[in-house]
Amino acid sequence: MDKKNIKSKKIITIISVAIIVIIVAILAIYIISKREIAGTVNTLPFYYEELNMYAQEQKAAVAADFSKKHNLDSFGAEFWDKQYDGETPKKALYDKALEALIKAKIIQEQAIELQVVAPANFNELRKALAQENNVRSGGANSEIIYGPTEYSISEYNSYLMSQTIDDLKSAIIKRDGEPSEAELRSAFARLPSESTATHSKISGSKWRWSKDLNKDETSKSVEDALTNGKDPMSLNIKELTSEPFVLDTSTIHREDVDAQTFACELGTIESGNCILSEDYLGDVLYYVSEKEGGKKLLFEESTALARTQWINDYFDEIINKKIASAKVTIKPNAMQKGIIIK
């Protein structure tokens with residue numbers, strides 16, 4: 001093959017690649033332009049697709065709420081459009097989704113105002129998601145990536161929103177100044193009791209029983225026996241088992257939210273008492289027989305906690321005021337086009 005043919009083939013390949021890139025870019029612009037605006041929050045637009053993203057996040061909670069309020073054992077195909085005491089789950093889902101979306105838009109608006117780096121709109125979020133997933137899949141480089149290999153749009157939005165909120169809190173302190181000692185003391189008084197306690201070591205026993213039995217009745221029988229100094233095994237409860245447990249709160253990783261939450265719950269129980277919980281095996285009753293530590297911290301020992309509480313409350317106050325005064329416009333068909341039940 002002569003040099004002219006090789007050169008011609010290279011040129012053809014380059015041109016072909018360029019054409020493909022242009023076509024992909026045109027398609028991307030077309031898809032973005034086809035996203036329909038469902039409404040605005042102040043000056044920021046939102047899309048039907050964006051509203052549906054928040055609906056998917058709220059779907060499980062709404063279904064659980066209706067199940068609890070109306071004693072539902074299962075959800076049929078008609079569930080979302082069926083009326084329960086004059087309300088449909090779909091309308092409740094729409095309201096929840098819209099509430100979450102409006103809050104997100106107000107936070108986005110504040111980020112723009114305070115020059116905090118964050119996606120300015122849903123299209124930018126989509127673009128950032130594609131870039132992030134490309135990196136995580138190894139498409140951009142071979143660096144070690146921690147966390148999921150791919151984010152969904154909802155997961156990535158939550159991840160970025162969390163970062164944006166943290167950056168906004170720092171920007172607000174920079175703008176408005178640090179809290180006074182009086183404000184810190186007030187914030188310290190609002191801290192949950194478990195947040196101002198030192199690490200503790202809690203031990204006791206945990207009890208399980210047959211899943212066929214009524215949870216409330218069975219747990220009460222076991223609890224009554226334990227708190228009155230009797231052996232629950234004498235009750236002849238079906239498949240009743242017991243094993244010791246020890247929880248040292250100093251060993252819990254700071255990012256293990258589930259473990260931290262459970263430790264807080266268990267920390268509120270005094271020795272000789274029980275708490276009913278649930279884990280991957282099902283219902284479990286914890287009986288606390290001994291507690292060490294858990295001393296209440298003084299304000300002087302907890303100023304960092306107090307400062308965190310203050311900025312959290314101050315941030316919520318600012319955002320809630322902005323939400324209350326926000327001008328929201330919504331197209332009449334927003335619920336029909338924006339809430340897609342999958």
Side-chain angles (χ1 to χ4, degrees), residues 21-66 75 77-81 88-112 116-137 139 147-165 168 319 322-323 326-342:
V21 170
I22 292 169
I23 290 171
V24 170
I26 292 171
L27 283 172
I29 293 169
Y30 174 76
I31 290 168
I32 290 172
S33 67
K34 291 298 285 183
R35 286 196 182 113
E36 290 186 69
I37 292 175
T40 57
V41 177
N42 293 333
T43 60
L44 298 180
F46 63 88
Y47 302 86
Y48 292 111
E49 186 180 352
E50 191 174 5
L51 179 60
N52 189 56
M53 177 186 72
Y54 286 101
Q56 300 311 312
E57 291 177 6
Q58 302 291 329
K59 191 168 70 170
V62 171
D65 184 51
F66 269 78
F75 308 106
E78 75 287 350
F79 167 72
W80 291 100
D81 293 307
T88 67
K90 187 173 183 178
K91 177 61 167 63
L93 179 60
Y94 168 72
D95 291 340
K96 284 279 187 183
L98 189 60
E99 181 183 335
L101 185 146
I102 291 171
K103 182 177 181 179
K105 286 297 168 186
I106 293 299
I107 291 172
Q108 194 179 85
E109 186 180 60
Q110 287 298 292
I112 294 170
V116 169
V117 177
N121 54 51
F122 192 64
N123 291 329
E124 282 196 15
L125 175 67
R126 279 283 190 193
K127 191 185 298 182
L129 172 64
Q131 292 171 348
E132 179 69 23
N133 283 340
N134 184 46
V135 171
R136 289 182 172 274
S137 66
T149 55
E150 183 175 285
Y151 279 115
S152 68
I153 184 69
S154 180
E155 289 168 340
Y156 192 58
N157 181 60
S158 297
Y159 166 71
L160 285 186
M161 185 59 70
S162 178
Q163 282 191 331
T164 301
I165 289 171
L168 263 178
I319 296 302
K322 296 284 185 183
I323 290 172
K327 183 180 179 181
V328 181
T329 60
I330 310 165
K331 289 185 178 179
N333 62 350
M335 186 170 80
Q336 286 71 32
K337 292 190 69 172
I339 308 298
I340 302 169
I341 308 298
K342 297 179 180 177

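If you're wondering where the values come from, they're calculated on a predicted model, not measured in any experiment.
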* Only counting residues at least two apart or in another chain, list the ones meeting salt bridge (Lys or Arg N to Asp or Glu O under 4.0 Å) with Asp81. => none
Check: residues 55-63 side-chain donor-acceptor pairs under 3.5 Å, at least two apart:
residue	atom	partner	partner atom	Å
Gln56	NE2	Asn52	OD1	3.0
Gln56	NE2	Ile340	O	2.8
Glu57	OE2	Ser154	OG	2.6
Lys59	NZ	Lys342	O	3.0

* Working for side-chain contact (heavy atoms from CB on, under 4.5 Å), residues Ile341 and Ile339 -> CA-CA 6 Å; Ile341 308 298; Ile339 308 298; 3.9 Å; yes
* To do: Evaluate the criterion side-chain contact (heavy atoms from CB on, under 4.5 Å) for residue pair Ser152 and Glu155; output intermediate values, then yes/no.
  => CA-CA 5 Å; Ser152 68; Glu155 289 168 340; 3.2 Å; yes
Interatomic spacing from [atom1] in [X] to [atom2] in [Y] - rounded to 0.5 Å:
| X | Y | atom1 | atom2 | result |
| --- | --- | --- | --- | --- |
| Phe46 | Leu51 | CZ | CG | 6.0 Å |
| Thr164 | Asn157 | OG1 | CG | 9.0 Å |
| Lys90 | Met335 | NZ | CE | 6.0 Å |
| Phe122 | Ile37 | CZ | CD1 | 13.0 Å |

Indicate yes or no: at least one non-hydrogen side-chain atom of [X] is less than 4.5 angstrom from one of [Y].
| X | Y | answer |
| --- | --- | --- |
| Tyr159 | Tyr151 | yes |
| Leu125 | Tyr156 | yes |
| Ile330 | Val328 | yes |
| Val41 | Glu109 | no |

* **Phe66/Phe79 under side-chain contact (heavy atoms from CB on, under 4.5 Å): CA gap, chis, key distance, verdict** => CA-CA 10 Å; Phe66 269 78; Phe79 167 72; 4.0 Å; yes
* Quick check: does any side chain N or O of Asn42 sit under 3.5 Å from a backbone N or O of Leu44, one acting as donor and the other as acceptor? ->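 Answer holds: no.
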* To do: Keeping the roles fixed (side chain from Thr40, backbone from Thr43), state whether a donor-acceptor pair exists under 3.5 Å.
  => no
Can you give me every donor-acceptor pair (side chain of residues 98-106, partner residue at least two apart or in another chain, under 3.5 Å) with its distance?
residue	atom	partner	partner atom	Å
Lys105	NZ	Pro45	O	3.3
Lys105	NZ	Glu50	OE2	2.9
Lys105	NZ	Gln108	OE1	3.3

By side chain to side chain donor-acceptor pair (under 3.5 Å), which residues pair with [X], not counting sequence neighbours?
| X | result |
| --- | --- |
| Lys331 | none |
| Tyr94 | none |
| Asp65 | none |

* To do: Establish, from distance only, whether the side-chain atoms of Asn121 and Tyr47 form a donor-acceptor pair under 3.5 Å.
  =>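 Absent: no donor and acceptor within the cut-off.
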* Would you check, one step at a time, whether the test side-chain contact (heavy atoms from CB on, under 4.5 Å) holds for Arg136 with Glu150? => CA-CA 6 Å; Arg136 289 182 172 274; Glu150 183 175 285; over 6 Å; no
